[in-house]
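Quick notes on the structure that follows.
Residue indices begin at 1 and follow the sequence shown. Keep in mind that this is a model prediction, so the values were computed, not measured.
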Amino acid sequence: MPRYAAVVFDMDDTVISRADAFQRYLERFYREHEALHGTPIQPALDLMTQWDCRGDNDKIEYFGKVKAEWPGLEETIDVLIDQFWGLLAEEVEPDHSSNEVLGQLNQAGVPWGIVTNGQSKMQRRKTVRAGLIPLAPFILVPSEFGDQKPSPAVFIKAVEETGSFASETLFVGDNPVTDIRGAQSIGMPTAWMKAGRTEWDGGTPEPDHQIDHIRELLPFLIK
Ligand SMILES: [Mg+2]
């Protein structure tokens with residue numbers, strides 16, 4: 001059984017449910033915008049969820065689609081994007097089962113941290129809402145230094161923060177490209193968070209682990 005010296009986590013849909021927060025954001029968006037009410041709520045939410053691609057999208061394009069579908073929306077795309085950054089973060093809730101695992105890592109003295117893509121202010125606010133600030137030894141938001149996953153430099157920096165070597169630092173994330181391929185590019189072992197999907201379909205090399213919850217990794221991290 002492999003044993004890792006350290007671990008680095010993606011945040012959204014790895015240690016918090018971004019998907020649940022996004023649904024709550026959409027419900028609120030629908031409620032507060034009469035221009036959408038010609039479409040029943042479920043089909044409207046389904047459409048906006050589909051365009052979201054699990055958060056992996058350009059926000060100008062995203063809100064362009066929303067405006068094209070519901071031309072009665074009065075806010076400009078820029079205003080909708082600005083509101084989105086603030087409102088999505090406010091819908092984040094702590095994942096108590098994840099935070100318990102992260103606390104166990106701290107108790108065992110396992111070096112760990114978080115690396116999250118996305119807009120700095122929103123991502124930092126999410127870490128507060130999720131209760132991660134008092135837990136996490138480090139939280140990197142690479143957009144703050146003009147970079148993002150899957151850039152190798154981001155993973156190198158994260159490994160440096162742990163004080164371990166890449167080959168013994170596990171990276172855990174839900175995105176096959178930005179998380180898994182990025183970490184593999186500097187020789188890190190990887191765990192793919194399925195987040196509701198059944199099978200890895202990201203090609204080879206496959207991640208070393210496929211998990212439904214980060215607790216499954218504890219045997220590889222704590223003696
Ligand atoms: Mg993610």
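The backbone N or O of Gly203 lies less than 3.5 Å from a partner atom in the side chain of Trp200, making a donor-acceptor pair. Judged by distance alone, the side chain of Asn117 and the main-chain N or O of Lys149 form a donor-acceptor pair under 3.5 Å. Looking at Lys67, its side chain does come within 3.5 Å of a backbone N or O of Leu73 through a donor-acceptor pair. Glu216 contributes a side-chain N or O that, together with a main-chain N or O of His213, makes up a donor-acceptor pair within less than 3.5 Å. Arg181 places a side-chain N or O within donor-acceptor distance of the main-chain N or O of Pro205, the cut-off being under 3.5 Å. Using a distance-only test at 3.5 Å, with no hydrogens or angles considered, no donor-acceptor pair links the side chain of Arg28 to the main chain of Gln23. Using modelled atom types, no side-chain atom of Ser17 and backbone atom of Asp13 make a donor-acceptor pair closer than 3.5 Å. Under the 3.5 Å distance criterion, the side-chain polar atoms of Asn57 are matched with a main-chain donor or acceptor of Asp52.
Ring geometry, Tyr4 versus Phe220: the interplanar angle falls from 30° to 60°, so the pair is classed tilted. Classified by interplanar angle (parallel below 30°, tilted 30° to 60°, perpendicular above 60°), the ring pair Phe63/Phe29 is tilted.
Contact of the Arg197 side chain with the Arg54 side chain is registered, since non-hydrogen atoms from C-beta on lie closer than 4.5 Å.
Applying the 6.0 Å contact sphere to CG of Asp201 captures no more than 12 heavy atoms from other residues, nucleotides or ligands. More than 12 non-hydrogen atoms from other residues, nucleotides or ligands lie less than 6.0 angstrom from CD of Glu27. Atom CD of Glu100 has 12 or fewer heavy atoms from other residues, nucleotides or ligands within 6.0 Å. No more than 12 heavy atoms of other residues, nucleotides or ligands shown are found within 6.0 angstrom of CD on Glu74. Crowding of Lys194 atom NZ: a count of heavy atoms from other residues, nucleotides or ligands under 6.0 Å exceeding 12. Heavy atoms from other residues, nucleotides or ligands lying under 6.0 Å from CD1 of Ile60 number 12 at most. Surrounding CZ of Phe145 are more than 12 heavy atoms belonging to other residues, nucleotides or ligands, all under 6.0 Å away.
Side-chain contact, Trp192 with Asp179: no donor N or O sits under 3.5 Å from an acceptor N or O. Of the N and O atoms on the side chains of Gln50 and Asp46, not one donor lies less than 3.5 Å from an acceptor on the other residue.
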Note to self: Let's go through Asp12 and Lys126 carefully: what are the C-alpha distance in whole Å and the side-chain angles of both, what is the deciding distance for salt bridge (Lys or Arg N to Asp or Glu O under 4.0 Å) to 0.1 Å, and is it a yes or a no?
What the structure shows: CA-CA 9 Å; Asp12 286 321; Lys126 284 180 183 170; 3.1 Å; yes
Next item on the list: Take Asp10 and Phe171, measure what side-chain contact (heavy atoms from CB on, under 4.5 Å) needs, and give me the verdict at the end.
Entry: CA-CA 8 Å; Asp10 162 57; Phe171 193 89; 4.3 Å; yes
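Ion pair Arg129/Glu91 not flagged as a salt bridge, since none of the NZ, NE, NH1 or NH2 atoms sits closer than 4.0 Å to an Asp/Glu carboxylate oxygen. Salt bridge Arg18/Asp174: absent, no basic N to carboxylate O contact under 4.0 Å.
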